[in-house]
Amino acid sequence: MTEAIVETRGLRKEYTGRRGTRVAVADLDLRVPEGEVHGFLGPNGSGKTTTIRMLLGLASATGGEMALFGRPVPAALPEVIGRVGAVVESPKFSPNFSGRQNLLLLARSVGVADQRVDQSIESVGLQGRERDRYKTYSLGMKQRLAIAATLLKDPRLLILDEPTNGLDPAGIREVREVIRGLGRDGVTVLLSSHILAEVQQVCTSATILGNGRTLASGPVADLVGATTTHRVVAPDLAAARTALTAAGLTVLREESGGLVVGTEQPGEVTRALGEAGVWLTELTPLHADLESVFLSLTERDRMGGER
Amino acid sequence: MIGLLRVELTRLRWRRAVLALLALGVVAPALVFAATVVSTEAKPFDEVVEQYGKEVLTQVEDCVAHPRRYGVDQGGSDGVQRACERVISGYYGEAELDLRAERESNSGPAAIALLTLVLLLVGTTFAGHDWNTGSISNQLLFEPRRHRVWLAKLLAVGLVATLLSTLVLLAHWTGLYAVSSLRNLDQPDLAVAAAYKQVVLGVMVVCAAGLLGFGLTMLLRSTVATLGVLFATGFGGVILVAAGVASAERVMPWGNFVAWVVGGYDYYVYDDCFSADCVPVRHIERSDSAVYFAVILAVVLVGSLASFRRRDLP
């Protein structure tokens, strides 16, 4: 079995406030093997960023274990941080310093040569603007600078939290190519993203979170294959939706005059509609994609949470 | 650690707000110096007598007879007569440059007070910027040993505070001594040594102020919150004393500051004075103020470091 570069076991994070205790991450098990580009998916508030922040020592865990490169963190973080590049949430730099000055300060804090700063700037296409103040940068340029910062250390693990936020299509493609290229070079990438098509294109494996728990994890191909969706068309879609939901089936969305239902068993659909007196006009299996899987799992989790 | 310290010194040097404050830390004491030099261009005592008449001599005689009424220390090394001549000349707007007076109540404490305020703001602004921009998280992604990051920043503030205050206060006193020599003024014995002792005391309190501003901001994670606490302490103290809680002056910053810089501070508490012979004066010794500042600084710095090491970052 390939060595896990990122591993958590029973990871838990609770926030205690005046309104009681809120669980942000609940006993999360995560395993990212070496050399993989691993997608980290989940709706807002599912615990992705909190998990990343705990892995990087920015937040403390309430319980459980974490390891990077097989070394327990946060205790061994000083040992391994030199091999980790990370962008957490939005880029955070000093607005009155230039992009280059911001990178120089980070580089010098770990003894990286100034020359490396210029190489990193060039690799994300910021040359020509590197001496402008950070606050004059567009959101896309800020993201690129954050990625340039991760490249300063020649990382073996990249943790990227929504790295394409604010980028234009060309920028998104560039970042995607950078990530793919790093993956090819053997760099392990943990990519948290809302853009599911991007994750499906770039990642070899993924973990889907909901309410701080792992809903599914594994190679993207397996995740996509594990869940099937069906397109259901009936004369009265509202009645069909009610009947399907009452039968415990997940209606993922309505599109092109039909309902997309997350189920592997078409018989469940026909039985639910038949019992409700709603007659089908079309039932078509759909080619699954990560978005359907994600929506199906998170919707089920949400409904489970509501029950 | 040296590398981190260099980085923090560079960060400090690149911060325009910090540079502006440091410039203020030079300009404001320089203005105090200039004002002192100009305002002490006094005439010789004979000329004062010539200009204002014999009334001046009468007042000097009265002063020599009752020196305490005129705020003249009988044990002064330059003699009561000379001290009284200076005081009375001062009444006519003709005060000579007196290094002892400058040290005890005029430009010396004023320059230190200005530097103290400026460095308090430098420490606060320097730390607050990291929190306001969130860049502190970025820094910890490169150096996760939080105590080292905290210490490097603290040392950077301490070094800058020490360097600036040493240069400014040394320049202030050396300048005053040079002016005094050029004007052929007699100065009390050991006046110069005492002035340089005040430089050391000043550097210590200015450095402590910088560290306090830094520590408090790292604890509260906000420049505004730190300034709020500092203003609340300052103005709250004034209101408390004005409201009649005179004994509160013992724990207020200004009295302790004066006690540290000039060697003592008197304040008045009438609460316990019911008899005619009661003396309502209370005194803060320099050693008292040293304990006061050391305790505050230790509590803030220990709390600041503990908080920075343990709490989640935004």
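Residue numbers begin at 1 in each chain, while the letters A, B, ... track the order of the sequences. Small disclaimer: the values here were computed from a predicted structure and weren't measured.
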Practice problem: Would you sort out whether B:T133 and A:K92 count as a side chain to side chain contact (heavy atoms under 4.5 Å, CB included), showing the intermediate values? | Solution: CA-CA 6 Å; B:T133 59; A:K92 288 163 183 166; over 6 Å; no

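In this structure, B:S135 and A:S94 approach most closely via the heavy-atom pair OG-OG, 4.0 Å.
At a threshold of 4.5 Å between non-hydrogen side-chain atoms, the residues A:N96 and B:R16 count as touching. At least one side-chain heavy atom of B:W14 sits under 4.5 Å from a side-chain heavy atom of A:L104. Side-chain atoms of B:H129 and A:P95, non-hydrogen and from C-beta on, do get closer than 4.5 Å to each other.
Only the side chain of B:R146 comes within contact range of chain A, with at least one heavy atom under 4.5 Å from a heavy atom of that chain. For a residue to count as touching a neighbouring chain, one of its non-hydrogen atoms must lie under 4.5 Å from one of that chain's; by this rule B:L4 touches chain A with the side chain only. If you measure heavy-atom distances from A:Y134 to chain B, you find no contacts under 4.5 Å at all.
Without hydrogens or angle criteria, B:N138 side chain to A:F93 main chain gives no donor-acceptor distance under 3.5 Å.
B:L141 CG to A:L152 CG: the interatomic distance, rounded to the nearest 0.5 Å, is 11.5 Å. One finds the CZ atom of B:R11 at 7.5 Å from the OG atom of A:S109 (value rounded to the nearest 0.5 Å). Note that the CD atom of B:E143 and the CG atom of A:L77 stand 9.5 Å from one another [nearest 0.5 Å]. Note that the OG atom of B:S137 and the CZ atom of A:R53 stand 6.0 Å from one another [nearest 0.5 Å].
A salt bridge links B:D312 with A:K13: the distance from a Lys NZ or Arg NE/NH1/NH2 to an Asp or Glu carboxylate oxygen falls below 4.0 Å.
Per-residue heavy-atom pair counts under 4.5 Å with chain B were compared for A:L105, A:V87, A:V112, and the maximum is reached by A:L105.
Environment of CZ in B:R13: crowded, with over 12 heavy atoms of neighbouring residues, nucleotides or ligands closer than 6.0 Å.
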